[in-house]
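What follows is one structure encoded as structure tokens, with my remarks underneath.
Since this is a predicted model, take the numbers as computed values, not measurements. Values below: every heavy atom of this structure, side chains too, minus hydrogens, waters and symmetry copies.
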Amino acid sequence: MSTLAAQGISTRRLDLLPLHVGHAEEMATVLSDPALHLFIGGAPDTPQALRSRYQRMTAGSPDPDVSWLNWVIRLRDASCLTGTVQATVSPSGHGPVAEIAWVVGTPWQGRGIATEAARGLVDWLGRQPVHTVIAHIHPEHRASAAVAGAAGLTATDEWRDGEIRWHRSIGR
């Protein structure tokens, strides 16, 4: 499998911009609400910690068969960052699999931003050599379940680390 690279993605209201270390300062503010960690654990990162994390993420996976793809979500009309989407693309017996995730800062939740960003990401993945898209969602996180469903993923009866596996075959 050849390594994929994040490319800019535009939707009706959003620009998904490939992640850069320079996004850390603004993203530390976007992701500063401790409530964002209710289902995933942890605590908000400082700008310095986020900068370090973004340096590791943008350096790419140490496994040449795995692509780490990360974007920040920019709300075009407000010209501000509102969250992130990501995909980790790995080989499998059936073809490359993309495991996706998203997070939108508390002030921008409830506006359809996560849904629009996830759909944009899944549409983009559909134009890449990806066979399957999956997400793992906490069973009580109704908002993320709604986003996954709107992006065309379906809940399965499989669990991993206390989360339900959602799945979509892209089909070629």
Side-chain angles (χ1 to χ4, degrees), residues 1-12 14-24 27 30-31 36-37 39-42 45 50-74 81-105 113-138 141 143-172:
M1 182 180 99
S2 62
T3 303
L4 295 175
Q7 301 170 350
I9 301 170
S10 291
T11 66
R12 186 175 62 80
L14 308 173
D15 293 315
L16 307 183
L17 306 172
L19 179 71
H20 292 288
V21 174
H23 291 129
M27 287 306 301
V30 170
L31 303 174
L36 291 175
H37 297 269
F39 295 108
I40 60 172
D45 282 328
L50 205 52
R51 192 174 301 107
S52 291
R53 182 193 299 170
Y54 286 0
Q55 286 172 335
R56 290 188 303 275
M57 292 166 69
T58 57
S61 170
D63 182 338
D65 290 330
V66 175
S67 297
W68 290 348
L69 308 170
N70 297 278
W71 293 263
V72 291
I73 303 168
R74 180 178 168 272
L81 301 182
T82 61
T84 64
V85 291
Q86 63 186 46
T88 299
V89 181
S90 306
S92 79
H94 302 289
V97 173
E99 184 168 345
I100 66 170
W102 51 85
V103 63
V104 170
I113 291 171
T115 296
E116 188 173 333
R119 283 180 175 159
L121 174 58
V122 170
D123 289 348
W124 182 84
L125 289 167
R127 295 187 300 275
Q128 309 307 311
V130 170
H131 179 273
T132 304
V133 176
I134 62 172
H136 293 93
I137 299 173
H138 190 282
H141 200 316
S144 276
V147 169
L153 282 73
T154 304
T156 70
D157 58 0
E158 297 175 48
W159 289 71
R160 186 176 92 187
D161 298 328
E163 295 182 321
I164 299 170
R165 181 177 189 228
W166 288 66
H167 173 273
R168 176 178 173 176
S169 291
I170 294 180
R172 300 258 175 253

Taking the side chain as everything from C-beta on, heavy atoms only, tell me whether [X] gets closer than 4.5 Å to [Y].
{"X": "Thr154", "Y": "His167", "value": "no"}
{"X": "Ile164", "Y": "Trp159", "value": "yes"}
{"X": "Thr58", "Y": "Pro18", "value": "no"}
{"X": "Ile73", "Y": "Leu81", "value": "no"}
{"X": "Arg119", "Y": "Thr11", "value": "no"}
{"X": "Asp161", "Y": "His136", "value": "no"}
{"X": "Val97", "Y": "Ile134", "value": "yes"}
{"X": "Leu153", "Y": "Ile137", "value": "no"}

Exercise: identify the closest heavy-atom pair between [X] and [Y]:
{"X": "Gln86", "Y": "Leu121", "result": "O-CD2, 3.6 Å"}
{"X": "Ala151", "Y": "Val122", "result": "O-CG1, 3.8 Å"}
{"X": "Ala118", "Y": "Trp102", "result": "CB-CE3, 4.2 Å"}
{"X": "Pro129", "Y": "Leu4", "result": "CD-CD2, 3.8 Å"}
{"X": "Ser10", "Y": "Asp15", "result": "OG-OD1, 3.0 Å"}
{"X": "Tyr54", "Y": "Met27", "result": "OH-CB, 3.4 Å"}

Residue that, paired with Leu69, satisfies side-chain contact (heavy atoms from CB on, under 4.5 Å) out of Val89, Leu19, Val85
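Looking at Val89, Leu19, Val85, the match for Leu69 under the side-chain contact (heavy atoms from CB on, under 4.5 Å) is Val89.
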Does Leu36 form a side chain to side chain contact (heavy atoms under 4.5 Å, CB included) with Leu31? I'd like the steps, not just the answer.
CA-CA 7 Å; Leu36 291 175; Leu31 303 174; 4.1 Å; yes
Holding to side chain to side chain donor-acceptor pair (under 3.5 Å), I want the full list of residues that pass it with Arg165, two or more places apart in sequence or in another chain.
Glu158
Is the backbone of Val66 close enough, under 3.5 Å, to the side chain of Thr88 for a donor and an acceptor to pair up by distance?
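Not a single qualifying donor-acceptor pair exists.
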Which label fits Trp124 and Trp71: parallel for a plane angle under 30°, tilted from 30 to 60°, or perpendicular past 60°?
perpendicular
Measuring from Ile100:CD1 to Arg168:CZ, what's the distance to the nearest 0.5 Å?
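Going from CD1 on Ile100 over to CZ on Arg168, the span is 9.0 Å.
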Which distance, rounded to the nearest 0.5 Å, do you find between the CG of Asp45 and the CG of Leu50?
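Asp45 CG to Leu50 CG: 5.0 Å, rounded to 0.5 Å.
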Any salt bridge (charged side-chain N to carboxylate O under 4.0 Å, His left out) pairs touching residues 83-105, not counting sequence neighbours?
Glu99-Arg160
